Enquirer: 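The structure's right below; bear with me while I get my questions together.
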Amino acid sequence: MSIKIQKIIIGGLLVALTYVVSAQQNNPIVMILGQDSISLSDFKNTYTKNNDLSKATKADIDSYIDLYINFRLKYAEAKALHLDTLERLQRELNGYREQASAQYLTDKDVNEVIYNEVLERMQWDIRASHILKKVASDASPKDTLAAYKSIMQIRDRLLKGEDFATLAQELSDDPSAKDKRSASGELIQYGNHGDLGYFTVFDMIYSFETGAYNTPVGTLSMPIRTEFGYHLIFVQDKKPALGKCKAVQMMCAFNRNVNLTDNERQTNEYSQKLRVDSIYQDLLNGMDFETARIKYFGDNAREEIIPMFSCSRFEGDFVAGLYGLKAGEYSKPLKTRFGWHIVKLTETNPVNIDEDTKSLVKMKIMRDSRSNKSVESFIERVKNENGFKEFKTNKNNPLADFYTVLDSSIFMGTFKAEMLSNMKKAMFVLGKNTYTQQDFAAFLEKHPFTDLDELDLVPLVNLAYKNFVDITIMQYEDDNLENKYPSFATLMEEYKEGILLYELSEQKVWKKAETDSLGLDNFYQTVKHKYLYPNRIQFLDVKCVDKKVMQKAKAAMEKSVVRSTSAVEAVEKLNAKSVTCVLDTLICWKGQNPTIDKLCDWNTAKQGDVFVNEENNEIMQIQTLLAPSPKPLAEIKGLVISEYQDVLEKEWIEQLHRDNKVWVDRQTIYTLINK
């Protein structure tokens with residue numbers, strides 16, 4: 001080896017060594033706790049999570065050092081005891097991780113768009129009609145195309161001027177659009193003829209809601225695809241949101257008898273129109289709403305109170321007349337299928353987008369299908385970031401192999417991946433991972449089609465494959481969260497530390513203090529002098545049936561003092577023929593019993609003193625003056641357990657310090673204060 005090469009190598013080693021020494025000087029080890037070495041930056045990062053270093057004093061740092069040492073020693077013991085392997089704690093940790101990871105597994109930009117979209121839509125109510133042609137979301141291309149052609153033919157007829165309500169009743173697959181008739185053809189119930197009334201955000205499935213809000217008032221939409229099929233939406237009206245209301249109403253009801261002739265029905269409706277017009281005219285002339293109700297419906301008529309409702313609660317013709325009304329105002333006569341209504345609003349709660357509303361909106365979004373939009377966008381992003389590629393060509397489609405090899409076992413729940421052990425083609429690649437037909441077969445084994453009748457396998461397999469890809473991508477990203485997001489890794493480590501320390505403290509301190517009855521009793525003996533009763537008095541308490549008996553009892557008790565005899569025996573003689581006195585023993589201290597405090601001077605009280613409570617025909621005599629004494633354990637158990645836990649905690653920490661090497665460079669840590 002030449003001298004020049006040797007110099008280069010030695011020079012490189014010196015540079016590397018200098019770098020290591022410099023790094024150690026800039027970030028020295030400031031603690032050794034058992035097997036763990038803590039650098040200055042480690043301590044600083046932990047301290048600054050919940051504390052402001054710029055305001056810290058030496059006393060603050062010293063206090064935190066002690067807490068930090070105890071925390072690290074406890075956590076090391078928890079790991080040494082393998083508490084992190086307990087299935088119960090693993091389930092708790094996994095549950096928390098599932099909650100915490102949710103915010104990382106969606107497209108935040110799309111979330112914000114959806115959130116703002118909801119806030120905008122909730123300020124508007126829409127009235128719309130629709131016609132539905134049903135087609136399943138997993139239908140074959142042939143069936144889907146047939147449904148689309150059918151709905152487009154209806155759309156052409158509407159654009160040429162045919163009546164929407166008529167076509168809805170005749171051709172819509174929505175049962176609510178059609179009139180219901182009996183077996184003999186008699187009308188039982190009117191359908192809505194496609195009119196859905198007013199609705200607002202979250203009242204309809206998201207795809208339908210979006211189609212309605214994106215269609216201008218007075219126009220007909222193109223076919224809107226939802227999970228139910230294809231819809232044509234005609235938007236009749238759009239108004240500033242009604243919010244929520246309470247109301248009372250007067251209703252002139254139509255005769256709903258199905259046996260009425262057309263002439264009888266028209267006569268009935270005309271008479272009810274005259275009646276409601278008369279009511280309304282009285283109101284315009286100044287008559288009170290309640291007075292009008294009694295005039296036209298009688299004293300015994302039940303007041304028709306409408307509890308809190310929103311725009312989607314009632315049919316459109318009813319709600320349409322309420323917009324713009326304030327609390328205390330009433331509507332013009334409103335005609336519905338049921339009759340004529342005059343409605344007075346008694347309470348209005350307009351839409352108010354405050355912080356509580358915003359929080360509620362976010363929760364609703366998470367439970368609503370619109371959240372899928374964010375997930376779908378997120379999946380596409382993960383695909384692009386990780387080089388997702390499917391191995392599918394016209395000549396080689398690994399998915400198509402499943403169309404022919406799957407049999408009825410997939411519907412019966414007896415399908416096993418090993419049935420297709422010879423199928424090993426690659427289906428797609430994600431990152432460094434390749435997923436094969438065997439992976440998809442394993443997915444099918446876990447997710448068979450047991451909740452479906454036997455249908456065309458092709459659309460079912462296609463749907464299952466899409467779910468397989470989506471779930472795989474979500475799991476791929478989930479598995480890499482700790483590596484991709486240091487903040488998430490820190491959060492999970494903190495939670496793991498928390499549940500392990502809680503479990504260890506439960507075993508070492510909290511549960512032990514409660515279940516170790518002998519240890520607790522022994523500890524009580526050492527601290528019972530701290531929990532004393534104050535000076536107390538034991539009274540003989542005598543309650544008499546009347547004042548005459550009370551006077552006799554008082555005299556008997558006073559004589560017993562003079563004669564040094566038993567007051568109890570003296571009083572009980574009064575019960576020889578019948579019970580006229582009830583005797584009891586009462587022990588209390590100053591401030592405990594207001595009646596005794598009023599009768600007794602605690603400073604001069606002595607044995608034998610007698611007190612009379614005239615209001616209750618009651619006499620009390622001092623039997624014994626009791627000096628301060630310890631309260632029994634049963635009475636103060638909670639306080640003693642708490643103190644015992646503190647002692648166990650202290651003993652535990654002392655033991656940890658004895659069992660582990662603890663070294664701290666406080667002077668170096670103090671330098672953080674000046675930076």
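The first residue in the sequence is number 1, and the count goes up from there. The structure presented is a predicted model; accordingly, all values stated were derived computationally and were not measured.
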Enquirer: Quick one about Y115 and E120 (side-chain donor to acceptor, distance below 3.5 Å, no hydrogens or angles considered), yes or no?
Expert: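 There is no such pair (donor and acceptor under 3.5 Å, judged by atom type) between the side chains of E120 and Y115.
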Enquirer: Would a distance-only check, ignoring hydrogens and angles, find a side-chain to backbone donor-acceptor pair under 3.5 Å from S278 to R275?
Expert: no
Enquirer: Could you go through the ring-ring contact (aromatic ring centres under 6.0 Å, His included) check for F488 and Y104 one step at a time?
Expert: CA-CA 9 Å; F488 180 78; Y104 293 88; 5.1 Å; yes
Enquirer: Tell me, do M474 and L105 make a side-chain contact under 4.5 Å, heavy atoms counted?
Expert: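 They are in side-chain contact.
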Enquirer: Tell me if a side-chain donor or acceptor on E477 pairs with a main-chain N or O of I473 at a distance below 3.5 Å.
Expert: no
Enquirer: Determine, for W340 and K273, whether the Lys NZ or Arg CZ falls below 6.0 Å from the six-membered ring centre while staying within 45 degrees of the axis.
Expert: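 Pair K273/W340 counts as cation-pi.
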Enquirer: Decide yes or no on side-chain contact (heavy atoms from CB on, under 4.5 Å) for Y96 and L491, but give the supporting numbers first.
Expert: CA-CA 10 Å; Y96 180 80; L491 180 66; 3.7 Å; yes
Enquirer: Are any of the side-chain heavy atoms of V343 and M250 separated by less than 4.5 Å?
Expert: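 Answer no - side chains too far apart.
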Enquirer: With a cut-off of under 6.0 Å to the ring centre and 45° to the axis, is R265 in cation-pi contact with F254?
Expert: no
Enquirer: Determine whether a donor-acceptor pair (N or O, by modelled atom type, separation under 3.5 Å) exists between the side chain of S172 and the backbone of L132.
Expert: yes
Enquirer: Are Q236 and S129 packed together at the side-chain level, in the sense that at least one heavy-atom pair is separated by less than 4.5 angstrom?
Expert: yes
Enquirer: Set out, in order, the CA-CA distance, both residues' side-chain angles and the distance that settles side chain to side chain donor-acceptor pair (under 3.5 Å) for Y403 and N462, then state yes or no.
Expert: CA-CA 9 Å; Y403 300 159; N462 289 342; 2.6 Å; yes
Enquirer: After noting the C-alpha distance and the side-chain angles of T261 and N263, does the key distance pass the side chain to side chain donor-acceptor pair (under 3.5 Å) rule?
Expert: CA-CA 5 Å; T261 64; N263 185 57; 5.3 Å; no
Enquirer: Taking N483 for its side chain and N480 for its backbone only, find out whether a donor-acceptor pair lies under 3.5 Å.
Expert: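 Absent.
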Enquirer: ring-ring contact (aromatic ring centres under 6.0 Å, His included) between H130 and F208: does it pass, once the steps are laid out?
Expert: CA-CA 10 Å; H130 86 130; F208 186 92; 5.6 Å; yes
Enquirer: Between T357 (side chain) and N352 (backbone), is there a donor-acceptor pair under 3.5 Å?
Expert: yes
Enquirer: Measuring only between side-chain heavy atoms, which start at C-beta, is Q272 closer than 4.5 Å to V276?
Expert: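 Counting from C-beta outward, Q272 and V276 never come under 4.5 Å.
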Enquirer: Indicate whether the side chain of S207 and that of E227 have a donor and an acceptor atom separated by less than 3.5 Å.
Expert: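 No donor-acceptor contact under 3.5 Å links the two side chains.
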Enquirer: Please tell me whether F428 and F468 form a close aromatic pair, meaning their ring centres lie under 6.0 Å apart.
Expert: yes
Enquirer: Give a yes or no on whether a salt bridge exists between E329 and K326, defined as a side-chain N under 4.0 angstrom from a carboxylate O.
Expert: no
Enquirer: Taking everything shown except K364 itself, do over 12 heavy atoms lie less than 6.0 Å from its NZ?
Expert: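 Incorrect, the count does not exceed 12.
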Enquirer: Is there a side-chain contact between K362 and I365 (heavy atoms, below 4.5 Å)?
Expert: no
Enquirer: Side chains of R225 and V135: closer than 4.5 Å at any heavy-atom pair?
Expert: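 Counting from C-beta outward, R225 and V135 do come under 4.5 Å.
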Enquirer: Can any side-chain N or O of T219 pair as donor or acceptor with the backbone N or O of P216 at less than 3.5 Å?
Expert: yes
Enquirer: Might you confirm whether atom CD of E98 has over 12 heavy atoms from other residues, nucleotides or ligands at distances under 6.0 Å?
Expert: no
Enquirer: To the closest 0.5 Å, what do you measure between CD (E376) and OG (S374)?
Expert: 9.5 Å
Enquirer: Test your reading of the model: is there a side-chain donor-acceptor pair from D107 to the backbone of V110, 3.5 Å cut-off?
Expert: yes
Enquirer: Would a distance-only check, ignoring hydrogens and angles, find a side-chain to backbone donor-acceptor pair under 3.5 Å from T291 to M287?
Expert: no
Enquirer: Is there a side chain to side chain donor-acceptor pair (under 3.5 Å) between E390 and Y465 once you walk through the steps?
Expert: CA-CA 12 Å; E390 290 182 295; Y465 175 69; 2.6 Å; yes
Enquirer: Mark yes or no for whether D125, through its side chain, and Y198, through its backbone, hold a donor-acceptor pair below 3.5 Å.
Expert: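 No, D125 side chain to Y198 backbone: no donor-acceptor pair under 3.5 Å.
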Enquirer: Is K244 salt-bridged to E347, going by a charged N under 4.0 Å from an acidic O?
Expert: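 Salt bridge absent between K244 and E347.
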Enquirer: Give a yes/no verdict on a cation-pi contact between K344 and Y330, requiring under 6.0 Å between NZ or CZ and the six-membered ring centre and an angle within 45° of the axis.
Expert: no
Enquirer: With a 4.0 Å cut-off, would you call E493 and K496 a salt bridge?
Expert: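 No.
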Enquirer: Could you tell me if the side chain of F402 sits less than 4.5 Å from the side chain of L444, heavy atoms only?
Expert: yes
Enquirer: Does the side chain of D317 pick up a donor-acceptor pair with the side chain of T336 at under 3.5 Å?
Expert: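 No donor-acceptor contact under 3.5 Å links the two side chains.
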Enquirer: Between R121 and E117, does any side-chain N to carboxylate O distance fall below 4.0 Å?
Expert: yes
Enquirer: For K466, is there an ion pair with D470 - N to carboxylate O distance below 4.0 angstrom?
Expert: yes
Enquirer: What residue pairs, at least two apart or across chains, pass ring-ring contact (aromatic ring centres under 6.0 Å, His included) with a residue in residues 283-310?
Expert: F309-F314
Enquirer: Hey, are R293 and D288 close enough for a salt bridge, meaning a charged N less than 4.0 Å from a carboxylate O?
Expert: no
Enquirer: Answer yes or no for R370 and F202: cation-pi contact, defined as NZ/CZ to six-membered ring centre under 6.0 Å and angle to ring axis within 45°.
Expert: yes
Enquirer: Can you tell which of I224, T144, I131 makes a side chain to side chain contact (heavy atoms under 4.5 Å, CB included) with Y230?
Expert: T144
Enquirer: Is there side-chain contact between R97 and M492, with heavy atoms separated by less than 4.5 Å?
Expert: yes
Enquirer: Verify, without hydrogens or angle tests, whether N397 (side chain) and L399 (backbone) share a donor-acceptor contact under 3.5 angstrom.
Expert: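 Side chain of N397 to backbone of L399: a pair is present.
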